[in-house]
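Report on one structure; see the data block that follows.
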Amino acid sequence: QPCGDLWIEFPAADSVSGYRRWLDLDTAACTTEYRIDGVAFRREVFASHPDDMIVTRISADAPGRIACRVRLTSPHRETATRVEGDRIVLSGRVEEDGIRFECVARVSAAGGAAAAESGALRVTGADAVEIRLVAATNFKSFRELGADPSARCTAALAAAAGESVAQLRDAHLADHRALFRRVAL
């Protein structure tokens, strides 16, 4: 079961050039690059097992050019979304089996601003945007659904709070490559 989807919506552009997107298996990261009006944009995404989060970093080679709207949605009917400062919180329940879940996106806008807008965060005038996405459920074991998904999300974000994206990437790479580089073809 999915708990939700992270949406990063950018303003419409008249002309996009140099669009490239790729998955690097050696770094386990997905990168997208493109140009709009002479400005180069880059988006890198990786799922860090050591930090229990998905990290997205959006950057541009010109200051103040990043604008986007970040939101969370879920295919489940029993959900609620709220904005708490720099965080979007999606909480819900899977009707069929009693699983409760929470998903939190922490959005940081370097050189710009992020403001609440209808259950989402709108970023304007940023040099770079970082999104740290965590999710958890109330599942403890097949016999017990007593865990606190909110506490689990808070703990994951707190554990990585002092880490830069570069440090999170380094921990991710070390973890991934310890397994991935065991075999070469």
### Message
I need the C153 SG to R132 CZ distance, nearest 0.5 Å.
### Response
14.5 Å

### Message
According to side chain to side chain donor-acceptor pair (under 3.5 Å), who are the partners of S150, at least two apart in sequence or on a separate chain?
### Response
E102

### Task
Determine yes or no for a side-chain-to-main-chain donor-acceptor pair under 3.5 angstrom, with D175 supplying the side chain and H49 the backbone.
no

### Query
Does any N or O in the side chain of S74 come within less than 3.5 Å of the main-chain N or O of C3, such that one atom is a donor and the other an acceptor?
yes

### Message
Check for me, please, whether V16 and V39 land in the same ILVMFWY cluster - side-chain distances under 4.5 Å, paths through other members count.
### Response
yes

### Considering all heavy atoms, the nearest P75-P2 contact
CG-CG, 3.7 Å

### Task
Considering non-hydrogen atoms only, spot the tightest contact between R82 and E84 and give its length.
NE-OE2, 2.6 Å

### Counterpart residues, salt bridge (charged side-chain N to carboxylate O under 4.0 Å, His left out), relative to D14 (two or more places apart)
none

### Message
Please enumerate all residues that pass ring-ring contact (aromatic ring centres under 6.0 Å, His included) together with Y19, with sequence neighbours excluded.
### Response
none

### Task
Kindly state each residue pair satisfying ring-ring contact (aromatic ring centres under 6.0 Å, His included) with at least one member in residues 52-101, sequence neighbours excluded.
H76-F101

### Message
Taking I8 as the starting point, is it possible to reach V129 by hopping between hydrophobic residues whose side chains are less than 4.5 Å apart?
### Response
yes

### Partners meeting side-chain contact (heavy atoms from CB on, under 4.5 Å) with D170 (sequence neighbours left out)
none

### Message
Could you check whether R57 pairs with E44 (Lys NZ or Arg NE/NH1/NH2 to Asp/Glu carboxylate O, under 4.0 Å)?
### Response
no

### Message
If you compare all heavy atoms of D52 against all heavy atoms of V134, which two are closest, and at what distance to 0.1 Å?
### Response
O-CG1, 3.6 Å

### Query
Are V89 and I99 joined in one hydrophobic group, where the rule is that I, L, V, M, F, W and Y side chains link up if heavy atoms are under 4.5 Å apart?
no

### Message
Restricting to side chain to side chain donor-acceptor pair (under 3.5 Å), what partner residues turn up for D51, sequence neighbours left out?
### Response
S48

### Query
Restricting to pairs with a member in residues 149-168, which pass ring-ring contact (aromatic ring centres under 6.0 Å, His included), not counting sequence neighbours?
none

### Pair listing, ring-ring contact (aromatic ring centres under 6.0 Å, His included) test, anchored in residues 109-131, at least two apart
none

### Query
If you group Ile, Leu, Val, Met, Phe, Trp and Tyr by side-chain heavy-atom gaps below 4.5 Å, do W7 and L72 land in one group?
no

### Task
Please determine if R42 and E33 form a salt bridge, counting it only when a charged side-chain N lies under 4.0 Å from a carboxylate O.
yes

### Query
With hydrophobic residues grouped by side-chain heavy-atom distances under 4.5 Å, do L6 and L168 end up in a single group?
no

### Summary
Those residues at least two apart in sequence (or on a different chain) that pass side-chain contact (heavy atoms from CB on, under 4.5 Å) with D37 are R65

### Query
With sequence neighbours left out, what residues match Y34 under ring-ring contact (aromatic ring centres under 6.0 Å, His included)?
F41

### Query
For the residue pair I131 and A105, what are the closest heavy atoms and their distance?
CG2-CB, 4.1 Å

### Query
Residues two or more places apart in sequence or in another chain: which of them pass salt bridge (charged side-chain N to carboxylate O under 4.0 Å, His left out) with R181?
D26

### Message
Looking at every non-hydrogen atom in both residues, tell me the closest pair between V123 and A109 and how far apart they are.
### Response
CG1-CB, 3.8 Å

### Task
Provide the full list of ring-ring contact (aromatic ring centres under 6.0 Å, His included) pairs with a residue in residues 153-185, sequence neighbours left out, each pair given once.
F46-H172, H176-F180

### Query
Where is the tightest heavy-atom contact between S118 and R69, given as atom of each residue plus distance?
O-NH2, 3.8 Å

